[in-house]
Each structure stands twice: as C-alpha cells, then as structure tokens.
Amino acid sequence: MENQADGVAEGRVSAPIEFRASSIHGRGGFARRFIPGGIRVIEYVGRRISKEESLQLCEANNHYIFGVDDTTDLDGDVEWNSARLLNHSCSPNCEAVLDQGRVWICSLRDIAPGEELTFNYGYDLIDFEDYPCHCGAPECVGYMVAEEHFGQVRRQREGRRL
C-alpha cells in the first residue's frame, strides 16, 4: 500500500474526504477529489482495549470494534475517529487493512469525486439478520456480512422464498 491520500493521515480528515448525509445510512464519507486505487485513505483509530472489554462492548451493541491481535482490539466508537462514519457495501471501493497493529481504510480502485467511500464490515453470520444492508449494489446480499458468507446468505434467502 502506498502513502495515504494528500492531507489524510493518522485519522485526521482534510481535503480528500467530506462527511455528509448518505443514501446508504446516516452519514458517510465522500471523495472530495479523485482518489487513486491502492492507497491508504484514512486510519481507523480509537481506544486500544482488551478482548474482554471488546466482548462487553459488542454485547452492548458497539459496532465499531476491530480485532488487532490475539489480545487487543480497537474501539473506534470515539468522536475523533471520522473513519467510523464510512458505510458498509457489498461491493466496496475500499477495504480495511491491518498493518503493524494499525487499521487503515485503503482504496481498492480509483474513486471518483463525489463517490461514497465504503468497505465491507466483514460481519460473521451470528445474528446477521439484525444487520440489514442498504448499500444498493447490484450484488447486495441484503445483510452486512463478509463476502465469504454471501453464498450462504443467498441460499438461505432463496430457501425462504420457496
């Protein structure tokens, strides 16, 4: 991964991203200018917490947790983490990349000015029906699950239509 987009580092947002109302959900991050593929766009920052605290926060419906290593997670539910406002998509233009204990949101492809920045949240199948997806992508599976679960969710949805 190359250096981050001009003006974006360490979770601070400047020129390349603006946050505003999103048709996907609430607020989202949008490219202010062209963002090339293959770069770090913004760091997902937060409090370093234990796995035990992470479990407690998840049970309390904190959806901003990233696993960092075997003992530590990152709680991104902090005001100073603008990256927490990026929305899920089943066909994302960014991905979350763990690099030396830090979480970066990196562009998967070129992103045009005005395009919403999205990444797949990678949720597992536990209670997946509680997390409907509204990304609007043609390949949307209807739920915020990791791509590896798309086939299973589609088969389950098809089975219910019979």
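We count residues from 1, following the sequence as given. Given the structure is predicted, the values throughout are model-derived calculations rather than measurements.
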Margin query: Check whether Asp73 reaches the backbone of Lys51 with its side chain - one donor and one acceptor, N or O, closer than 3.5 Å.
Written below: no

Notebook entry, point to check: Looking at SG of Cys133 and CZ of Phe128, how far apart are the two atoms once the value is rounded to the nearest 0.5 Å?
Noted result: 12.5 Å

Margin query: Side-chain heavy atoms nearer than 4.5 Å, only ILVMFWY residues, links allowed to pass through others: does that put Val78 and Leu57 together?
Written below: no

Check: Within the distance-only criterion (no hydrogens, no angle test), does the side chain of Asp75 pair as donor or acceptor with the backbone N or O of Arg47 below 3.5 angstrom?
Finding: no

Note to self: Could you tell me if the side chain of Ser22 sits less than 4.5 Å from the side chain of Phe30, heavy atoms only?
What the structure shows: yes

Check: Between Leu85 and Ile105, is there a shared hydrophobic cluster once you connect ILVMFWY residues whose side-chain heavy atoms come closer than 4.5 Å?
Finding: yes

Check: Atom CG of Asn93 and atom SG of Cys106: how far apart are they, to the nearest 0.5 Å?
Finding: 12.0 Å

Notebook entry, point to check: If only atom types and distance count, is the side chain of Ser89 paired as donor or acceptor with the main-chain N or O of Phe119 below 3.5 Å?
Noted result: no

Notebook entry, point to check: Would Asn87 and Thr118 count as having a side-chain donor-acceptor pair, cut-off 3.5 Å?
Noted result: no

Item checked: Lys/Arg N to Asp/Glu carboxylate O, Glu116 vs Arg20, below 4.0 Å -> no

Note to self: Using modelled atom types and a 3.5 Å cut-off, is there a donor and acceptor pairing between side-chain atoms of Arg102 and backbone atoms of Glu43?
What the structure shows: no

Notebook entry, point to check: Taking the six-membered ring for Trp, is the centroid-to-centroid distance between Tyr143 and Tyr131 below 6.0 Å?
Noted result: no

Next item on the list: Measure the spacing between OH of Tyr44 and OG of Ser82 and express it to the nearest 0.5 Å.
Entry: 11.0 Å

Notebook entry, point to check: Do the side chain of Gln152 and the main chain of His149 share a donor and acceptor less than 3.5 angstrom apart?
Noted result: no

Margin query: Working note: Arg154 + Glu139, criterion side-chain contact (heavy atoms from CB on, under 4.5 Å); need CA distance, chi angles, decisive distance, verdict.
Written below: CA-CA 10 Å; Arg154 284 188 178 112; Glu139 50 282 326; 3.8 Å; yes

Check: Distance from Ile111 atom CD1 to Ile35 atom CD1, nearest 0.5 Å?
Finding: 5.0 Å

Checklist line | Note, Val145 side chain near Asp124 side chain (heavy atom, < 4.5 Å) | finding: no

Note to self: Taking Gly37's backbone N and O only, do any of them form a donor-acceptor pair with Arg109's side chain (distance below 3.5 Å, no angle check)?
What the structure shows: no

Margin query: Can you confirm whether the side chains of Glu95 and Asn120 place a donor and an acceptor under 3.5 Å from each other?
Written below: no

Notebook entry, point to check: Would you say Leu74 and Leu55 are hydrophobically clustered, going by side-chain heavy atoms of ILVMFWY under 4.5 Å?
Noted result: no

Item checked: Heavy-atom side-chain contact between Arg33 and Pro16 under 4.5 Å -> yes

Next item on the list: State, with a plain yes or no, whether a side-chain heavy atom of Ile42 is found less than 4.5 Å away from one of Leu86.
Entry: yes

Check: Which distance, rounded to the nearest 0.5 Å, do you find between the NE2 of His25 and the SG of Cys135?
Finding: 13.5 Å

Note to self: So does Glu53 get a backbone contact from the side chain of Ser50, meaning a donor-acceptor N/O pair under 3.5 Å?
What the structure shows: yes

Item checked: Distance (rounded to the nearest 0.5 Å) between Leu117 CG and Glu18 CD -> 10.5 Å

Next item on the list: Under the salt bridge (charged side-chain N to carboxylate O under 4.0 Å, His left out) rule, collect the residues that match up with Glu129, sequence neighbours excluded.
Entry: Arg160

Margin query: I'd like to know whether Val45 forms a side-chain contact (heavy atoms from CB on, under 4.5 Å) with Arg84, so could you lay out the CA-CA distance, the side-chain angles of the two residues, the decisive distance to 0.1 Å, and finally the verdict.
Written below: CA-CA 9 Å; Val45 295; Arg84 78 186 189 289; over 6 Å; no

Notebook entry, point to check: Mind checking whether Ile17 and Arg32 have side chains closer than 4.5 Å, heavy atoms only?
Noted result: no

Listed pairs under 3.5 Å, donor-acceptor, residues 63-71 side chains, sequence neighbours left out:
| unit_1 | atom_1 | unit_2 | atom_2 | d |
| --- | --- | --- | --- | --- |
| His63 | NE2 | Asn61 | O | 3.4 |
| Asp69 | OD1 | Thr71 | N | 2.9 |
| Asp69 | OD1 | Thr71 | OG1 | 3.2 |
| Asp69 | OD1 | Thr72 | N | 2.7 |
| Asp69 | OD1 | Thr72 | OG1 | 3.4 |

